[in-house]
Amino acid sequence: MQESYDPAAVERAAQQYWDERRAFEVREDATRAKFYCLSMFPYPSGRLHMGHVRNYTIGDVLARYMRMRGHNVLQPMGWDAFGLPAENAAISNGVPPARWTRQNIAHMRGQMKSLGFAIDWSRELATCDPHYYRWNQWIFLRMLEKGIAYRKTGVVNWDPVDQTVLANEQVIEGRGWRTGAPVEKREIPMYYLNITRYADELLEALETLNGWPERVRVMQANWIGKSEGCEIAFPYAPDTRAAAGADGALKVFTTRADTLFGATFMAIAAEHPVALAAAKRNPALSAFIDECRRGSVTEAEVATQEKKGMPTGLHVLHPLTGRALEIWVANYVLMGYGEGAVMGVPAHDERDFEFALKNALPVVTVVRSTTGAYQEVRAPWIAAYGEYGITVNSGQFSGLSFRAAVDGIAAALEHKGLGRKRVQYRLRDWGISRQRYWGCPIPIVHCGLCGEVPVPDEQLPVVLPEDLVPDGSGNPLAKSAAFYHCRCPKCGQPARRETDTMDTFVDSSWYFLRYACADAARTMVDARVDYWLPADQYIGGIEHAILHLLYARFWTKVMRDLGALKFGEPFTNLLTQGMVLNHIYSYQSDGGRKRYFDPAEVAVRRGADGAEVYEVTTADLGTVLVTHEGLGKMSKSEGNGVDPEGLVERFGADTARLFIMFASPPEQTLEWSDEGVQGASRFIRRLWNAVYEHVSAGEAPPLDASTLTGAQRELRRAAHQTLAKATDDIGRRRNFNTAIAAVMELLNAVGRFRDASAAGRAVRHEALRIATLVLAPITPHLCHALWQALGSTTALIDEVWPAPDAAALAQETREIVVQVNGKLRGRISVAVNADEAAVRAAALAHAQVRKFVADKPVQRVIVVPGKLVNVVV
RNA sequence: GCGAAAGUGGCGGAACUGGCAGACGCGCUGGACUUAGAAUCCAGUGGGGAAACCCGUGAGAGUUCGAGUCUCUCCUUUCGCACCA
């Protein structure tokens, strides 16, 4: 064993040992319990960032721990390799996205290996590989056959300068991110997946996901947004039937059918067909509609903007009273939800109330509180009453509770054929077409004669040409005749290949299945999936709480219904790790641009008034004071990222892993601290030195537990207590920080234990072995070396996580806390098997207790066995 | 606006089931070693007080022998959703 710890040498040796033995390649084994430990695969952006390191370290600690617990552990890794950044890199460097992506993968794979993750690299996959994405295409065709995939027109953000479609994130304040041109809404044909067909199951099954954070389940439930209500048809008034250009009636959806008699107007979205028809003869209305459609893009802005509207001059008839109601176009009605039209009930809806107030529309109160007296809603003094209550002014439906009123009104409407109860979801079908190059081609051919023709299975995959370089304007596939020129698979005539590619969320919706059978050549998945899946643990960022996790759940259910899978939920347990934060420091010169500085370069000083000041010295600025903007997520733009590669070079992977796991529990945010990293490094060296010192003294004799002194028994108990605590902290609670703290305490105890006797050395040997075993999942290279140094002939990764020795944990006496009136006054040491009366007597005899009790009468004595005595006076 | 989570030393965080508040680490203070120190080791470190003791987990109430933990009200922060009819 080397005298001083050399992380580079230690880590090289351990990694080489694992590599040579292919230690982490696993096979299905029906005789052993499996553990599928899955981390969200990264986008190959170029370099790992600290968030990746945290994610994969958590996964690796669990994988290694479960392996030591005897499980057959699968920990795979892959690359979410399609996507926009590769195109952006191509635009700025002229490098084809494929080459850029593959270089990044190679670099990041190397970084992961240097961190020592116990990954089965034989199962590695990249979604840009035709062997992978051909199955996207294959299953898309199956979905098309089942009607789960379909084509319809959809609205996209269009950049008129670049002639390209923009993702929502590329639209900044209504303008294209590259060109700054105002973004237009365009309707183009796209493919959709019918996720709403599964809305109910996706919602219901959330209840069964007990291993998921409540937060994520709530977010998904809100996203699905189930509401139960009624669909109501308002027939057009005879005079406007022709003008409305629509047949029969204006449909709305409402959750408050009980307020139907309070409807005083109708409000429709600017994009509603009736609005468009009315605008043809009404220039003012047309202008208003244009204004609404151009209007703000972000939903948060929409939510706060002032309610505006304009009458159409068209009327409908109330389905039960026959009264005429005017149709208004209103900016607060969304085309994308329900029917794109609502009945305006100002007395019982805040938004309708505000709208009615502004446009002097009548207000009719039809619900009163169940408890208070009837109160009429009167704009502007008495605002809308939105609670459930008892109906009034509602003809034969007056005097009913909410439930009874809805039931009665729905029945009456149904009888007339003008309405029915219905469930409405907020969730919408998933549009998967992207007018992008670097993605999976949608396997469709458009034929002038046959129309839309699916590419036959035997012609899959439709291979994405990899030599194109996007220039920022339009989709290069649509400009590449070599790609889009083809023959119709049906009639053989010249035809045009679909040039849209799939949303990259498609790629990530099933990659975790493919790991189980990454080499399956003829099928998307095979029986091995049923061995490994569902994943026992999934680990990733909270930012994927909704979309990715919902899509993956949906995809799993679709594949189950297609007969490819036997389960409907892919991830049994979910851990959402917190963000990695660091301090943000900026400097703003007069009129200059704000500059951000690496926190490692910022010096902290006490100013004249004692407050902390921060300064930075640079070549161009000299020494300047900078502003501390607080903590924020590590990011390139704020200059507060820490590069994992540099960290590994300076301190080693084990120090990086130890610090990350120690600094905070996995679900919480992690504040970066260079001093904390130093602390982790210091602890590792102290452990190394302790082992070195111990083994340098020669081989330790075998432990004879029956002849130990008190101090020896105490250290032995501390070691086994540490093991028990770490087992619970890692295995059950997933609190790695406290497990590490326990080992630190143990090492402190070993440091205090200065016993060079044979028995003392034996006890120390056991304590160091336990410390090494417990840390093995966290700092595997270090522990691999220490394990050898401690004289083991087997490798640490093949070692079994031991159970604590009950005899070592046993105590003859126990310390018990004594309180008087709930305040700590002393401690007594009592035999473990002492009965309550003895404990009580010992407590009352304690000097401090006698002092505080004095001459006051003792009212009660509460004895909590093994813990405490409280004397109440 | 709605929903969720969280507020504990100078800092990150412990205290899991109501039972010793502040484990462990960082920082800081003092000391040792050293020509010197960035290293390493030892000791101390919630506040007040000479001490006995007292006070202390965002604020206020409550339940309890006992509350960081449970209940209520309020405040603050973070996150998510956001005109969802």
Side-chain angles (χ1 to χ4, degrees), chain A residues 213-219 221-223 225-227 229-230 252-256 259 267 269 298-307 330-334 336-345 348-352 354-355 424-427 542-543 545-546 578-579 581 604 612 658-659 662-665 667-680 682-683 685-686 689 725 728-729 732-733 735 737-745 747-748 751 815-827 851-852 859-864 866-873:
Chain A
E214 180 65 18
R215 186 155 94 100
V216 175
R217 289 169 14 185
V218 168
M219 280 162 78
N222 290 342
W223 189 260
K226 180 178 183 173
S227 340
C230 288
V252 303
F253 175 77
T254 178
T255 55
R256 293 299 304 271
T259 64
T298 70
E299 286 178 320
E301 272 170 48
V302 173
T304 48
Q305 94 193 352
E306 161 184 34
K307 309 245 175 312
N331 66 347
Y332 70 94
V333 181
L334 306 173
Y337 184 77
E339 302 294 337
V342 300
M343 62 179 195
V345 185
H348 305 291
D349 183 283
E350 230 174 87
R351 296 153 301 176
D352 295 345
E354 194 188 324
F355 190 78
Q424 174 69 42
Y425 295 96
R426 201 190 85 103
L427 182 71
I542 188 72
E543 66 274 20
I546 298 176
M579 292 185 298
L581 310 181
V604 182
E612 287 189 342
L658 181 67
F659 168 70
F662 179 62
S664 57
E667 305 249 0
Q668 281 179 37
T669 55
L670 185 154
E671 286 184 26
W672 196 258
S673 153
D674 288 325
E675 290 79 16
V677 175
Q678 300 272 1
R682 190 174 306 144
F683 169 73
R685 285 200 309 273
R686 284 210 303 136
N689 293 340
K725 177 164 174 55
D728 189 51
D729 284 350
R732 179 179 65 88
R733 297 208 303 152
N735 269 15
N737 53 332
T738 50
I740 294 166
V743 181
M744 288 174 168
E745 277 186 84
L747 185 64
N748 290 342
E815 190 168 80
I816 288 200
V817 169
V818 185
Q819 299 178 331
V820 177
N821 284 346
K823 284 200 168 124
L824 176 70
R825 295 303 180 190
R827 294 152 210 276
K851 179 181 158 194
F852 278 91
Q859 289 172 359
R860 268 174 87 179
V861 178
I862 286 143
V863 179
V864 182
K867 273 194 179 154
L868 121 171
V869 178
N870 188 14
V871 180
V872 185
V873 297

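These figures come from a predicted structure and were not determined experimentally. Chain letters run A, B, ... following the sequence lines, proteins first, then strands; residues in each count from 1.
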Side chain of A:Arg860: nearest nucleotide among B:G13, B:C65, B:C24?
-> B:C65
Supply the atom-to-atom distance A:Met579 CE to A:Glu671 CD, rounded to the nearest 0.5 angstrom.
-> 11.0 Å
Let me know the distance between CG of A:Asn737 and P of B:A23, rounded to the nearest Å.
-> 14 Å
Any side-chain N or O of A:Lys823 under 4.0 Å from OP1/OP2 of B:A21?
-> no
Euclidean distance, A:Leu824 CG relative to A:Asn870 CG, rounded to 0.5 Å | 10.5 Å
Using the P atom in both, what is the distance from B:G25 to B:C75, to the nearest Å?
-> 40 Å
Go through the N and O atoms of the side chain of A:Arg215 and the base of B:C79, and report whether any donor-acceptor pair is under 3.5 Å.
-> no
Interatomic spacing from CD in A:Glu745 to OG1 in A:Thr738 - rounded to 0.5 Å | 10.5 Å
Please list, chain by chain and in numerical order, all residues satisfying side-chain hydrogen bond (donor to acceptor under 3.5 Å, both in side chains) with A:Arg686, sequence neighbours excluded.
-> A:Asn748
From B:A14, B:G19, B:A39, nucleotide with atom closest to A:Lys867 side chain | B:G19
Using a cut-off of 4.0 Å on non-hydrogen atoms, how would the nucleic acid contact of A:Arg685 be classed: base, sugar-phosphate, or nothing?
-> sugar-phosphate
Choosing from B:A15, B:C16, B:A85, which nucleotide comes nearest the side chain of A:Asn735?
-> B:A15
Output the single nucleotide from B:G3, B:G12, B:G19 whose closest atom is nearest the side chain of A:Phe662.
-> B:G12
Inter-nucleotide P distance (B:U45, B:G1), Å rounded | 47 Å
Just checking A:Phe659: base, sugar-phosphate only, or nothing, at a heavy-atom cut-off of under 4.0 Å?
-> nothing
Can you list the residues that meet the side-chain hydrogen bond (donor to acceptor under 3.5 Å, both in side chains) rule with A:Arg685, with sequence neighbours excluded?
-> A:Ser681
Since syn is defined as within 90° of 0, does B:G49 count as syn or as anti?
-> anti
Heavy atoms under 4.0 Å, any strand shown: does A:Val218 hit a base, just sugar-phosphate, or nothing?
-> sugar-phosphate
Taking the same atom, P, in B:U29 and in B:G56, what whole-Å distance lies between them?
-> 30 Å
Given B:C16, B:C24, B:A82, which nucleotide is nearest the side-chain atoms of A:Arg426?
-> B:A82
Nearest to the side chain of A:Ala741 - B:A14, B:A85, B:A23?
-> B:A23
Mind checking A:Gly225 for me? I need base, sugar-phosphate or nothing, with any heavy atom below 4.0 Å counting as a touch.
-> nothing
Respond yes when some side-chain nitrogen or oxygen of A:Ser227 is under 4.0 Å from OP1 or OP2 of B:A85, and no when none is.
-> yes
B:A14, B:C41, B:G27: which one has an atom nearest the side-chain heavy atoms of A:Arg686?
-> B:C41
Measure the spacing between CD of A:Gln819 and CZ of A:Arg827 and express it to the nearest 0.5 Å.
-> 11.0 Å
Close side-chain approach of A:Val864 and A:Val869, heavy atoms under 4.5 Å = no
May I ask you to verify if any side-chain N or O of A:Asn748 is less than 4.0 angstrom from the OP1 or OP2 atom of B:A23?
-> no
Value rounded to 0.5 Å, distance of NZ in A:Lys307 from CD in A:Glu350 | 8.5 Å
Which nucleotide in the set B:A14, B:C65, B:G27 lies at the smallest distance from any side-chain heavy atom of A:Arg682?
-> B:G27
Would you check if A:Val743 and A:Phe683 make a side-chain contact, meaning some heavy-atom pair closer than 4.5 Å?
-> yes
Starting at the 5' end of RNA chain B, which residue's closest nucleotide do you reach first, A:Leu824 or A:Val333?
-> A:Leu824
Check every atom of B:G13, B:C24, B:C53 against the side chain of A:Pro665 and return the nucleotide holding the closest atom.
-> B:G13
With P as the reference atom in both, quote the distance from B:A14 to B:C2 in angstrom, rounded to an integer.
-> 31 Å
What integer distance in Å separates A:Leu658:CG from B:C26:C1'?
-> 13 Å
Quick one: list whatever passes side-chain contact (heavy atoms from CB on, under 4.5 Å) with A:Arg256, sequence neighbours left out.
-> A:Thr254, A:Asp258, A:Thr259, A:Val367, A:Tyr388, A:Phe402
For A:Trp672 and B:G25, what is the distance between atoms CH2 and C1' respectively, to the nearest whole Å?
-> 15 Å
5'-most contact on RNA chain B: A:Asn689 or A:Glu675, nearest heavy atom basis?
-> A:Glu675
What is the nucleic acid contact for A:Asn821, judged by heavy atoms within less than 4.0 Å: base, sugar-phosphate only, or nothing?
-> nothing
Can you check nucleotides 68-70 of chain B for protein contacts, nitrogen or oxygen pairs under 3.5 Å, and list what you find?
none

Candidate nucleotides B:C84, B:C24, B:A14, ranked by approach to the side chain of A:Glu745 - the nearest = B:C24
Secondary-structure notation, RNA chain B, from Watson-Crick and G-U pairs under 3.5 angstrom (| other strand) = (((((((..(((......[....)))((((((.......))))))(((....)))..(((((..]....))))))))))))....
Protein-nucleotide distance (A:Leu868, atom CG; B:A67, atom P), rounded to Å | 12 Å
Provide the distance between the two C1' atoms, one in B:A23 and one in B:U57, to the nearest whole Å.
-> 16 Å
When rounded to the nearest 0.5 angstrom, what distance separates CE in A:Met744 from CG in A:Leu658?
-> 5.5 Å
Return the value, rounded to whole Å, for the distance between atom CG of A:Asp729 and atom P of B:A15.
-> 8 Å
What's the CZ-C1' distance between A:Arg733 and B:A15, to the nearest Å?
-> 9 Å
For A:Gln668, report the nucleic acid contact type (base, sugar-phosphate, nothing); a contact means any heavy atom under 4.0 Å.
-> sugar-phosphate
To the nearest Å, give me how far apart CG (A:Leu670) and C1' (B:G25) are.
-> 13 Å
Non-neighbouring partners of A:Asp349 that pass side-chain contact (heavy atoms from CB on, under 4.5 Å), sequence neighbours left out = A:Arg351, A:Asp352
Using the C1' atom in both, what is the distance from B:G3 to B:G9, to the nearest Å?
-> 33 Å
With sugar-phosphate meaning primed atoms plus P, OP1 and OP2, does A:Val342 contact a base, only sugar-phosphate, or nothing at under 4.0 Å between heavy atoms?
-> base
Grab the NZ-P distance between A:Lys725 and B:A15 for me, whole Å please.
-> 6 Å
For B:A4 versus B:G10, give the span between their C1' atoms, rounded off to a whole number of Å.
-> 31 Å
Minimum side-chain heavy-atom gap A:Arg825-A:Val871 below 4.5 Å | no
Donor-acceptor contact below 3.5 Å, side chain A:Asp728 vs main chain A:Arg733 | no
If we take the P atom in both B:C70 and B:C79, what is their distance in whole Å?
-> 24 Å
Taking only the side-chain nitrogens and oxygens of A:Arg825, find out if one of them lies under 4.0 Å from OP1 or OP2 of B:C54.
-> yes
